[in-house]
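Each remark here refers to the structure printed beneath this line.
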There are 2 protein chains.
Amino acid sequence: MKKVVLKDIAQHVGVSTALVSYVLNGQAEEKQVSKENAEKIKLAAIELNYQPNQVAKSLRMRKTHTIGLVVADINYRFSTGITRAIEAEAKRLNFTVIFGSTNESPDKFTELTNVLVNRQVDGLILVPGENSQQQILHLQNSGIPFVLIDRYFPEIDTNYVALDNYKAAYDAVTYLVTSGHKRVSFINLKTSMFHLQERDRGYLDALKDHHLESRPEWLIHIDGDDLPHGIASAIQPLLNSADKPDAIFLATDRLTIEALKRLNTLGVKVPDDISVLSFDESDAFDLFYCPVTHGRQPLEEMGEAAVKTLINLINNQKINKKLTFQAGFVPGKSCRET
Amino acid sequence: MKKVVLKDIAQHVGVSTALVSYVLNGQAEEKQVSKENAEKIKLAAIELNYQPNQVAKSLRMRKTHTIGLVVADINYRFSTGITRAIEAEAKRLNFTVIFGSTNESPDKFTELTNVLVNRQVDGLILVPGENSQQQILHLQNSGIPFVLIDRYFPEIDTNYVALDNYKAAYDAVTYLVTSGHKRVSFINLKTSMFHLQERDRGYLDALKDHHLESRPEWLIHIDGDDLPHGIASAIQPLLNSADKPDAIFLATDRLTIEALKRLNTLGVKVPDDISVLSFDESDAFDLFYCPVTHGRQPLEEMGEAAVKTLINLINNQKINKKLTFQAGFVPGKSCRET
DNA sequence: TCTGTTGCTTTAATCGTTTAAAGAATTTAC
DNA sequence: GTAAATTCTTTAAACGATTAAAGCAACAGA
């Protein structure tokens, strides 16, 4: 069952490979191939079920029509959503996606991006983790087109597609405030990543602008490596304190899930005992006894924008795009109205 | 910032490309390259930061060291889990994964597998959907190595890695029976897929072997395209009937989630009013008020096995492997003990 | 001196495409 | 009738690697 190659068609029809190539690439007119030969070639291609070898094509064209996608962790809801969106848009534009997951390790990030570059991907869409600035700079230096998504480094001038984390957090807190909450706690991950720090800033600014008290012990940063323990030891003191918060705002979906589980086991009722607001959404919310109020990232739009930007970059050389999307908001019943 | 190619190193050192290739591929000894040249070449490769062009290599070697993965829907828990496992194992064996999602459409399945084959992947790992037998046969005919995972067609002789769905369902029902349940309903998807039909068979055989009543109206098949509606109109009659079932066994994670949501809105208490057992697990169970008893697929092992089988297939030509894994069981509190 | 061996290196074909450039056949122009 | 233009086709060089096979020195043995 030998593979049929261009030459086979040429021989079958009795012409040169050049003609075959012209015809099958739709340049029959342009290259003035005779109608007769064009017809014969097209028929032969179908008859022999010719499938062009993309590897050879890529080598010759120096374009693989492939984009590399590196996500921080395939298990995140964000990752599957954005992967799906990117894949769909890429397919629409006739690109293939190769992807990998770094599990938040900078070493794996470096390794993966290098592998993808060696595979001659035409460009990269990256969700960088902590301490990957070096590699970003290195990629920038190497000239390969890339777009950061979800996360970026304000000190490095790159193309990116991101959420307006500041405003999303600010608006979320404002929502809590206007629905009557006075003591709002924010639980975030302990991280140096800009996008999460922006959520802190949005929280703090909202409190300030609405003249609400802001206590250091209400802004909590927990270690992402052991969420159950982190959440447990964060929530206990909050609930025990004399004037405990009337709302908890959580910076990620996994934080919220962990917190809701914890509240469940402690027998704390949402929203009667305390309001809960989640920055991100999660499928798991479906089974919570009350609909969880949460923000929503426009994954489809972001994925689409990332692919479009990247492909422009691949084609046009120089563009500089820093796209910021606004989060949506899905009201539930997990925040008390007072 | 031109890319450094083999020739550049050759020129830099002042030797032919052959020598450079030998040295950089660890054949220095074998090909008796002089120590002196070998050293110079290695140094130059580092100095110039040479990165081999994998596309050229692939064309020449007729091996891309890439495997194509086609899943039914990237949003399934099964898909992300198996993807992660496959990716990890592939990386371990120095393979790259290109993947795509068919969203259960046979046309997309055909298209995707063809694209991957044209990209010269060395082999495929596939989760085929309904009505993809044709394409499976076609792939078989074309001689490309592939392994089915999760689902397969008993009438087609292929390599596969799958779960023992019959036994998993049988054992689950047996668990319900031995914990005192007498009227067990099974909700499955309406499908022609073998792996789901096996779950029916396991359910029915278990009932028979344990001398329990088996009513046609307790074995329910609902349309996967509109789960909420399907579940709603399936559960209502069950609960309303004179001697309603004391347990519901659900064939997939999404069915279980939908059912639990429905039971929530109906105010039916699990397990007091009715026991619930899920064939699959789901992250969403975390937030349900009681731990959901469920089966567990050994995704890591299955992914690993699929990759290993495929790579053997790629290297050794002919092997015939039909691997069946046993499901695990995670006891929760969603089934009454009586 | 010739032949053979050893040790090392280069040549050049190959993988399957694309595409300038050259070539051939036919028609048109004068 | 010949040159020029037109129409169609082929040739052959890329793309960047791998790798048989051939080549070249130097030296040994007869």
Side-chain angles (χ1 to χ4, degrees), chain A residues 1-42 44-45 48-66 115 117-122, chain B residues 2-42 44-45 48-66 115 117-122 144:
Chain A
M1 201 73 53
K2 227 189 98 275
K3 267 237 145 202
V4 175
V5 298
L6 209 67
K7 212 169 160 188
D8 298 329
I9 299 188
Q11 275 164 2
H12 187 264
V13 176
V15 295
S16 70
T17 60
L19 271 198
V20 179
S21 176
Y22 292 146
V23 170
L24 297 184
N25 287 304
Q27 305 186 46
E29 306 279 275
E30 191 185 334
K31 295 295 160 105
Q32 314 193 100
V33 179
S34 67
K35 291 248 157 58
E36 190 189 12
N37 273 335
E39 206 50 44
K40 279 201 250 170
I41 288 167
K42 279 185 201 153
L48 302 179
N49 186 32
Y50 169 67
Q51 306 281 32
N53 181 324
Q54 298 296 336
V55 171
K57 198 167 197 152
S58 293
L59 177 60
R60 171 64 220 232
M61 307 293 270
R62 326 191 82 190
K63 281 263 170 292
T64 52
H65 259 244
T66 303
V115 165
V117 169
N118 287 2
R119 297 244 157 194
Q120 315 302 123
V121 296
D122 293 340
Chain B
K2 225 188 101 274
K3 267 236 146 203
V4 175
V5 299
L6 208 66
K7 212 171 161 189
D8 298 330
I9 298 188
Q11 277 167 359
H12 187 263
V13 177
V15 294
S16 70
T17 60
L19 270 198
V20 179
S21 176
Y22 292 147
V23 170
L24 297 183
N25 287 304
Q27 305 186 46
E29 307 279 275
E30 192 185 335
K31 296 296 160 114
Q32 314 192 100
V33 179
S34 68
K35 291 247 157 58
E36 191 190 11
N37 274 335
E39 206 50 43
K40 279 201 248 171
I41 288 167
K42 279 185 202 154
L48 302 179
N49 186 31
Y50 170 68
Q51 305 282 32
N53 182 323
Q54 299 296 336
V55 171
K57 197 166 196 153
S58 294
L59 177 60
R60 171 62 220 232
M61 306 293 270
R62 325 191 85 195
K63 280 265 171 290
T64 53
H65 259 242
T66 302
V115 165
V117 170
N118 288 0
R119 296 243 158 195
Q120 315 301 124
V121 296
D122 294 339
I144 182 152

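Lettering of chains follows the sequences in order, A, B, ..., and the numbering in each one begins at 1.
Here A:Lys7 lies out of heavy-atom contact (under 4.0 Å) with every strand. Here B:Gln54 lies out of heavy-atom contact (under 4.0 Å) with every strand. Base engagement by B:Ser16 is indicated by at least one non-hydrogen atom pair under 4.0 Å involving a base atom.
When all heavy atoms are compared, the tightest approach of B:Ile9 to B:Ala45 is CD1-CA, 3.7 Å. Nearest heavy-atom pair across A:Val5 and A:Tyr50 is C-CE1, 3.7 Å.
The side chain of B:Ser21 places an N or O atom within less than 4.0 Å of a non-bridging phosphate oxygen (OP1 or OP2) of D:dT18.
The distance between atom CD of A:Glu30 and atom P of D:dT7, rounded to the nearest whole Å, is 15 Å. Atom CG of B:Leu19 is separated from atom P of D:dT19 by 14 Å (rounded to the nearest Å). Atom CG of B:Asn53 is separated from atom P of D:dA17 by 5 Å (rounded to the nearest Å). The separation between A:Arg60 atom CZ and D:dA14 atom P is 10 Å, rounded to whole Å. Look at CG on B:Asp8: it is 8 Å from P on D:dA17, rounded to the nearest Å. In this structure, the CG atom of A:Leu59 is 14 Å from the P atom of D:dA14, given to the nearest Å. As rounded to whole Å, 19 Å separates atom P of D:dG23 from atom CD of B:Gln32. Computed from coordinates, the B:Leu6 CG to D:dA14 C1' distance equals 17 Å when rounded to whole Å.
Closest to the B:Tyr22 side chain, of the nucleotides D:dC15, D:dT18, D:dA20, is D:dA20. Comparing D:dT9, D:dT10, D:dT19 by their closest approach to the side chain of A:Val33 singles out D:dT9. Residue A:Thr17 has its side chain nearest to D:dA12 when only D:dA12, D:dT9, D:dT19 are considered.
When each of A:Val55 and A:Gln27 is assigned the nucleotide of DNA chain C with its nearest heavy atom, A:Val55 is the one assigned upstream, toward the 5' end. Heavy-atom distances to DNA chain C give each of B:Ser34 and B:Ala56 a nearest nucleotide, and the one nearer the 5′ end belongs to B:Ser34.
Chain A approaches DNA chain C over the interval C:dG16 to C:dA20, counting the first and last nucleotide 5' to 3' with an atom under 4.0 Å from its heavy atoms.
For the side-chain hydrogen bond (donor to acceptor under 3.5 Å, both in side chains) condition, the pairs that include at least one residue of residues 9-28 of chain B, sequence neighbours left out, are B:Ser21-B:Asn25.
Rounding to the nearest 0.5 angstrom, the gap separating the NZ atom in B:Lys63 from the CD atom in B:Gln54 is 14.5 Å. With rounding to the nearest 0.5 Å, the separation of CD in B:Gln51 from CG in B:Asn53 is 11.0 Å. Remark: A:Gln120 CD to A:Met61 CE distance equals 15.0 Å, nearest 0.5 Å. Here the straight-line distance linking atom CG of B:Asn49 with atom NZ of B:Lys3 works out to 8.0 Å at 0.5 Å rounding.
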